[in-house]
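First comes the structure, then the notes that go with it.
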Amino acid sequence: MKKILVTRKLLQSNEDRLKTLYDIRLNSNDELYSQKKLIELSKDCDGILSALTDKLDADTIDKLPKSVKILSNFAVGFGNIDLEAANKRNIAVTNTPEVLTDATAEIGILLILGACRRAAEGIKSAQASDWKWSADYLIGKQLTGTRLGILGMGRIGKKISKIAKSLGMVIHYHNRSKLSPEKEDGAIYHKKLASLLSVSDVLSVCCPASKETVNIINKETLEYLPKGAVVTNVARGDIVDDEALIDALDRRKVYAVGLDVYKGEPILNPGYLKHKSAFILPHLGSATKETRTAMANLAIDNLEEFFKTGKCKNKVN
Ligand code: NAP
């Protein structure tokens, strides 16, 4: 029986399934393993079912036991894993695409609505019974007719744009490559990021964190946005230079932010906390029972496929 280290606690039904298939090392306390502990616990393991909270950098991967042949990441993003280091060790890396698209897009839309309609301020005032209805109370930005810039029109970006379109938003996007007209579904392509930003009344960051995209939203690129734009990020914190975005909020260049992900999470840059227009969530993108169950099942399917065939359709390296 193959031995698998499962680095984070999963939903019960997924752990029950794993028990029928493998000799598993579970993390019943759901502690965040240090590099040292993760390496120790993977002794004699054939694979690791990892999570985005595991920093599988080159040094950690180099020190993994020789028995480890696959890192099945419980996420669609794999910015936590050094793919080059995995390639050098001939370790397969897999992810869980598609099953989390809808849930994450829902949070992407919540970020847009929450930031544009001043939900953070509204919730605070309602909870304190400190408000009264008036014609000019908490006036926000209406989405109808507003231009939405999608940075990364992939699975999640497309689903966000479909919902946003139904809300009357006009969709623009930037990818490295232009989509077919059918996939664009009326969205307007911008070859350059600067061009996309210049028309983004609302920006939705949906691209993966990679060497190319780290801090791609920074002091210089933020200047391309129209004054009073809204910036939302449902992808990864590493894509945004926090100091630059907070400075843009301070200067009212940016009207509001909607964020689900953060550099160095769960600690947030304190600059965001002082802005009442910051609508902030604790990385809830895929957090529904249906989606978390499907993600873990897919991570298990990836292990199964890999051990049976030596290949896996969700291999990313
Ligand atoms: P996807 O289908 O692979 O889409 C990624 C899109 O980004 C593609 O359209 C790609 O187009 C574009 N892109 C990649 N590199 C780029 C670059 N350097 N510049 C501009 N565009 C670039 O991925 P997905 O399933 O939509 O997921 C996207 C990301 O969402 C994941 O990587 C993950 O980090 C994040 N996510 C967050 C949560 C959460 O809980 N908040 C949940 C799930 C996923 P080109 O290749 O043509 O450039």
Side-chain angles (χ1 to χ4, degrees), residues 8 50-54 73-81 83 93-112 114 149-164 171-180 182-185 187-197 200 203-218 221 224 232-240 257-263 265-266 268 279-292 294-296 298-299 313-317:
R8 297 297 306 271
S50 57
L52 56 91
T53 48
D54 299 311
N73 211 37
F74 174 56
V76 68
F78 41 86
N80 58 312
I81 302 178
L83 295 187
V93 178
T94 62
N95 71 343
T96 62
E98 276 155 31
V99 291
L100 42 60
T101 299
D102 290 355
T104 309
E106 287 173 7
I107 290 292
I109 291 291
L110 180 60
L111 297 177
I112 293 170
I150 304 262
L151 168 53
M153 185 74 113
R155 289 169 290 244
I156 295 167
K158 281 193 211 110
K159 183 74 195 228
I160 290 176
S161 61
K162 192 172 174 196
I163 304 169
I171 316 298
H172 295 251
Y173 77 99
H174 166 67
N175 273 356
R176 289 164 303 180
S177 39
K178 188 178 184 313
L179 299 172
S180 66
E182 193 195 331
K183 286 189 176 152
E184 275 180 341
D185 193 24
I188 300 151
Y189 180 63
H190 295 257
K191 196 170 169 49
K192 297 255 185 268
L193 174 64
S195 166
L196 174 78
L197 295 178
S200 296
L203 176 70
S204 175
V205 177
C206 302
C207 64
S210 66
K211 280 175 190 150
E212 279 177 46
T213 62
V214 166
N215 288 337
I216 199 172
I217 300 301
N218 56 38
T221 54
Y224 292 108
T232 68
N233 183 6
V234 74
R236 284 289 182 266
D238 284 338
I239 300 163
V240 173
V257 295
L259 307 172
D260 187 44
V261 286
Y262 309 88
K263 251 192 200 78
E265 57 186 49
L268 269 72
F279 180 74
I280 50 178
L281 296 176
H283 204 145
L284 294 183
S286 62
T288 67
K289 189 177 175 196
E290 298 86 337
T291 294
R292 287 283 159 80
M295 284 167 67
L298 186 51
K313 71 171 186 311
N314 293 321
K315 190 168 174 289
V316 293
N317 60 338

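Whatever order the structure lists them in is the order used to number ligands and atoms, beginning at 1.
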For [atom], the option (of [options]) bearing the nearest heavy atom:
{"atom": "atom 36 (N) of ligand 1", "options": "His283, Arg236, Glu98, Met295", "answer": "Arg236"}
{"atom": "atom 41 (N) of ligand 1", "options": "Thr101, Val234, Ile150", "answer": "Val234"}
{"atom": "atom 28 (C) of ligand 1", "options": "Gly154, Cys206, Ala105, Gly79", "answer": "Cys206"}
{"atom": "atom 5 (C) of ligand 1", "options": "Gly152, Pro208, Ser177, Ser210", "answer": "Pro208"}
{"atom": "atom 27 (O) of ligand 1", "options": "Ile156, Val316, Thr104", "answer": "Ile156"}

Determine yes or no for a side-chain-to-main-chain donor-acceptor pair under 3.5 angstrom, with [X] supplying the side chain and [Y] the backbone.
{"X": "Asp260", "Y": "Leu284", "result": "yes"}
{"X": "Thr101", "Y": "Ile156", "result": "no"}
{"X": "Asn80", "Y": "Asp54", "result": "yes"}
{"X": "Thr291", "Y": "Thr288", "result": "no"}
{"X": "Tyr173", "Y": "Leu179", "result": "yes"}
{"X": "Asn317", "Y": "Val93", "result": "yes"}

So if I count the atoms of ligand 1 from 1 in the order they appear, which ones are less than 4.0 Å from some heavy atom of Thr213?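 Near Thr213, meaning under 4.0 Å from one of its heavy atoms, ligand 1 has 17 (C), 18 (N).
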Considering the heavy atoms of Val261, write down every atom of ligand 1 situated less than 4.0 Å from one of them.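 Those atoms are 41 (N).
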Distance from [atom] to nearest protein heavy atom, with residue and atom:
{"atom": "atom 10 (C) of ligand 1", "result": "Asn175 OD1, 3.9 Å"}
{"atom": "atom 2 (O) of ligand 1", "result": "Arg155 N, 2.9 Å"}
{"atom": "atom 31 (C) of ligand 1", "result": "Val76 CG1, 3.8 Å"}
{"atom": "atom 18 (N) of ligand 1", "result": "Glu212 OE1, 2.9 Å"}

Which heavy atom of Leu110 sits nearest to which heavy atom of Phe279, and what is that distance?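 Nearest heavy atoms, Leu110 then Phe279: O-CE2, 3.5 Å.
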Is it the side chain, the backbone, both or neither of Arg176 that has a heavy atom closer than 4.0 Å to ligand 1?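 Both backbone and side chain.
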Answer yes or no: does atom NZ of Lys191 have more than 12 heavy-atom neighbours from other residues, nucleotides or ligands under 6.0 Å?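 It does not: Lys191 NZ has 12 such atoms or fewer within range.
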For atom OH of Tyr224, decide whether the heavy atoms of other residues, nucleotides or ligands shown that lie under 6.0 angstrom number more than 12.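 No - once you tally the heavy atoms of other residues, nucleotides and ligands closer than 6.0 Å, there are 12 at most.
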Backbone or side-chain N or O of Met153 under 3.5 Å from ligand 1 N or O: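 Between Met153 and ligand 1 (N or O atoms, distance only) the closest approach is under 3.5 Å.
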Purely on distance, is any nitrogen or oxygen of Asp260 under 3.5 Å from one on ligand 1?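 Yes, since at least one N or O of Asp260 sits under 3.5 Å from an N or O of ligand 1.
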Looking at ligand 1, would Ser286 count as a contact under a 4.0 Å heavy-atom criterion?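 Under 4.0 Å: yes for Ser286.
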Sidechain N-carboxylate O distance under 4.0 Å for Glu184, Lys178: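 Result for this pair is yes, salt bridge flagged.
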